[in-house]
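Below you'll find the structure I mean.
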Amino acid sequence: MAENNLNEVCKEAVCIDAGRVYDSCCDRDCLEDLRCYFSEANQELVSNAVNVRLRNAEVLNVLVDVEQVNFNKGFYSCELTFYFLIDLDVYTAGNTLPTEVRGVSCYRKRVILYGGEGNAKIFSNITSLNEIDTQLAGATNLPRCVVQTVDPVPLSAVIRRVDNENDVICGIPENVAEIIGDDIVINLPDDANTIYVTLGLFTVVQLIRNVQMLIPVYDFCVPEKHCDDNCSPVTPCDVFSRIEFPTEDFFPPSINNNCEC
């Protein structure tokens with residue numbers, strides 16, 4: 001019945017130029033111990049803080065860089081850099097009201113997806129009321145990476161000594177730094193205190209290429225596989241998360257009452 005209804009609705013096949021999702025993945029990441037970066041005034045408060053509370057976290061920007069994987073044709077490496085705005089309550093003494101402080105954290109993620117092969121060069125023009133014929137610069141048909149995310153779940157925040165050797169230092173763009181309102185302090189002495197936060201992040205990454213095709217629309221494209229960077233270390237928790245729940249150990253099967261002698 002449903003197929004008959006679709007045939008009645010789809011009376012004509014139309015050729016369209018559209019972005020086809022060649023590959024996609026979804027992932028949930030628990031981002032532990034992300035270092036926060038503050039302005040000079042806020043960093044002074046953090047250095048003298050005795051306690052901290054994580055209030056909120058927001059995705060400010062995601063920088064995306066796509067490069068072809070040389071050893072595997074048709075696959076592309078998507079380098080993603082997330083920038084988060086962190087809202088904190090900082091306590092500089094006991095039994096006092098907290099001071100609201102804003103900082104920035106960053107996180108890097110690599111995803112490898114299939115984007116197909118193509119060597120065509122693309123040229124196009126744009127016309128508007130003020131421009132008769134504006135020619136776009138030629139471009140290759142490199143697939144584009146689209147990242148969908150929601151604001152992360154704020155999980156925890158701690159104050160501890162800065163770890164200059166192991167902290168991941170990300171270049172902070174000007175539009176992100178302007179939100180803090182001052183020069184961000186990147187370099188801290190080894191004995192200085194700073195704040196590390198833990199966030200829960202949900203993402204959907206798609207690799208899209210423009211093609212001409214006939215396409216029926218049925219439902220939303222929800223990826224089912226998890227992102228794979230091909231270099232993540234396997235931890236005991238990773239192995240444990242892949243084990244199915246032992247239902248029969250908790251609820252043993254009953255005896256078959258229809259016995260045959």
Taking the side chain as every heavy atom from C-beta outward, state whether Ile195 and Phe38 have any atom pair closer than 4.5 Å.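 Touching, per the 4.5 Å side-chain cut-off.
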Please list, one pair per line, the donor and acceptor atoms closer than 3.5 Å that link side chains of residues 23-34 to other protein atoms, with sequence neighbours excluded.
from  : atom 1 : to     : atom 2 : distance (Å)
Asp23 : OD2    : Tyr114 : N      : 2.9
Asp27 : OD2    : Lys109 : NZ     : 3.0
Asp29 : OD2    : Lys109 : NZ     : 3.0

For atom CG of Asn175, decide whether the heavy atoms of other residues, nucleotides or ligands shown that lie under 6.0 angstrom number more than 12.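 Atom CG in Asn175 is packed in, count exceeds 12.
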Report yes if the side chains of Val59 and Asn61 come closer than 4.5 Å at any heavy-atom pair, otherwise no.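 Contact flag for Val59/Asn61 side chains = no.
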Evaluate Tyr76 against Val111 for side chain to side chain contact (heavy atoms under 4.5 Å, CB included), listing each step before the verdict. CA-CA 8 Å; Tyr76 296 83; Val111 175; over 6 Å; no
Minimum heavy-atom distance Ala49-Ile159, with the two atoms named: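 Heavy atoms only, the tightest pair is CB-CD1, 3.6 Å.
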List the atom of Leu60, the atom of Ile179, and the distance in Å for their closest heavy-atom pair.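 Looking at all heavy atoms of both residues, the closest pair is CD2-CD1, 3.5 Å.
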Show me the pairs that pass side chain to side chain donor-acceptor pair (under 3.5 Å) and involve residues 143-154, at least two apart or across chains.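 As it turns out, the side chain to side chain donor-acceptor pair (under 3.5 Å) pairs with a partner in residues 143-154, which skip direct neighbours, are Arg144-Asn210, Gln148-Gln206.
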Identify the heavy atoms of Pro154 and Arg55 that sit nearest to each other, and give their distance.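 What the structure gives for the nearest pair is CG-O, 4.4 Å.
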Please check this pair: side chain of Arg108 against backbone of Leu80, looking for a donor-acceptor N/O pair closer than 3.5 Å.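 No; judged by distance alone, with no hydrogens or angles, the pair does not exist.
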Residue pair Cys36 / Val104, side-chain heavy-atom distance below 4.5 Å: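 A side-chain contact is absent here, since even the closest heavy-atom pair is not under 4.5 Å.
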Could you tell me whether Asn70 atom CG has more than 12 heavy atoms of other residues or ligands within 6.0 Å of it?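 No, CG of Asn70 has 12 or fewer neighbouring heavy atoms, counting only those of other groups under 6.0 Å.
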Side chains of Arg161 and Asp191, heavy atoms from C-beta outward: is any pair under 4.5 Å?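 They are in side-chain contact.
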Please give me the minimum heavy-atom distance between Val50 and Ala93, naming the atom from each residue.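 Smallest interatomic distance, heavy atoms only, reads CG2-N, 3.8 Å.
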A side-chain contact here means heavy atoms from C-beta on lying under 4.5 Å apart; do Leu199 and Leu54 qualify?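 Sidechains of Leu54 and Leu199: in contact.
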Can you tell me how far the SG atom of Cys145 sits from the CD atom of Glu67, to the nearest 0.5 Å?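 Reported to 0.5 Å precision, the distance equals 12.0 Å.
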Considering only Ile, Leu, Val, Met, Phe, Trp and Tyr, and joining two whenever side-chain heavy atoms are under 4.5 Å apart, list the other residues clustered with Tyr196.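 Grouped by the 4.5 Å side-chain rule, Val158, Val162, Val185, Leu188 form the rest of the cluster around Tyr196.
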Does some side-chain heavy atom of Thr81 sit less than 4.5 Å from a side-chain heavy atom of Val62?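 Val62 vs Thr81: side chains apart.
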Honestly curious: do Ile208 and Val147 fall in one hydrophobic cluster under the side-chain, below-4.5 Å linking rule?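 No, Ile208 does not connect to Val147 through the hydrophobic network.
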Shared hydrophobic cluster, Val205 / Val146 (ILVMFWY, side-chain heavy atoms < 4.5 Å):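 Per the 4.5 Å side-chain linkage, Val205 and Val146 are not co-clustered.
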For Val21 and Leu207, run side chain to side chain contact (heavy atoms under 4.5 Å, CB included): C-alpha distance rounded to whole Å, both residues' side-chain angles, the deciding distance at 0.1 Å, then the answer. CA-CA 6 Å; Val21 179; Leu207 211 55; over 6 Å; no
Side chain to side chain donor-acceptor pair (under 3.5 Å) partners of Arg20, counting only residues at least two apart: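 Partners of Arg20 under the side chain to side chain donor-acceptor pair (under 3.5 Å) test: none.
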Mind checking whether Val153 and Tyr107 sit in one hydrophobic cluster, side chains of I, L, V, M, F, W, Y counted as touching below 4.5 Å?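 Per the 4.5 Å side-chain linkage, Val153 and Tyr107 are not co-clustered.
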Would you mind writing out the side-chain donor-acceptor pairs for residues 83-92 within the sub-3.5 Å range, not counting sequence neighbours?
from  : atom 1 : to     : atom 2 : distance (Å)
Tyr83 : OH     : Gly171 : O      : 2.4
Asp87 : OD1    : Arg102 : NE     : 2.8
Asp89 : OD2    : Arg53  : NE     : 3.4
Asp89 : OD2    : Arg53  : NH2    : 2.5

Say whether Ser47 and Gln43, considering side chains only, have a donor N or O and an acceptor N or O under 3.5 Å apart.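 The criterion, which ignores hydrogens and geometry beyond distance, is satisfied for Gln43 and Ser47.
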Return yes if some donor-acceptor pair links the side-chain N/O of Ser105 with the main-chain N/O of Arg35 below 3.5 Å, else return no.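 Present.
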Quick one: disulfide (SG to SG under 2.5 Å) pairs with a partner in residues 61-94, sequence neighbours left out?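 Of all non-adjacent pairs touching residues 61-94, none passes disulfide (SG to SG under 2.5 Å).
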Linking I/L/V/M/F/W/Y whenever any side-chain heavy atoms sit under 4.5 Å apart, do Val176 and Ile184 land together?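 Same cluster.
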Please check if Ile172 and Leu63 belong to a single hydrophobic cluster, counting links between Ile, Leu, Val, Met, Phe, Trp and Tyr side chain heavy atoms closer than 4.5 Å.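 In one cluster with Ile172: Leu63, yes.
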How about Glu44: does its CD atom have over 12 heavy atoms from other parts shown lying under 6.0 Å from it?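 Not buried by this count: 12 neighbours or fewer within 6.0 Å.
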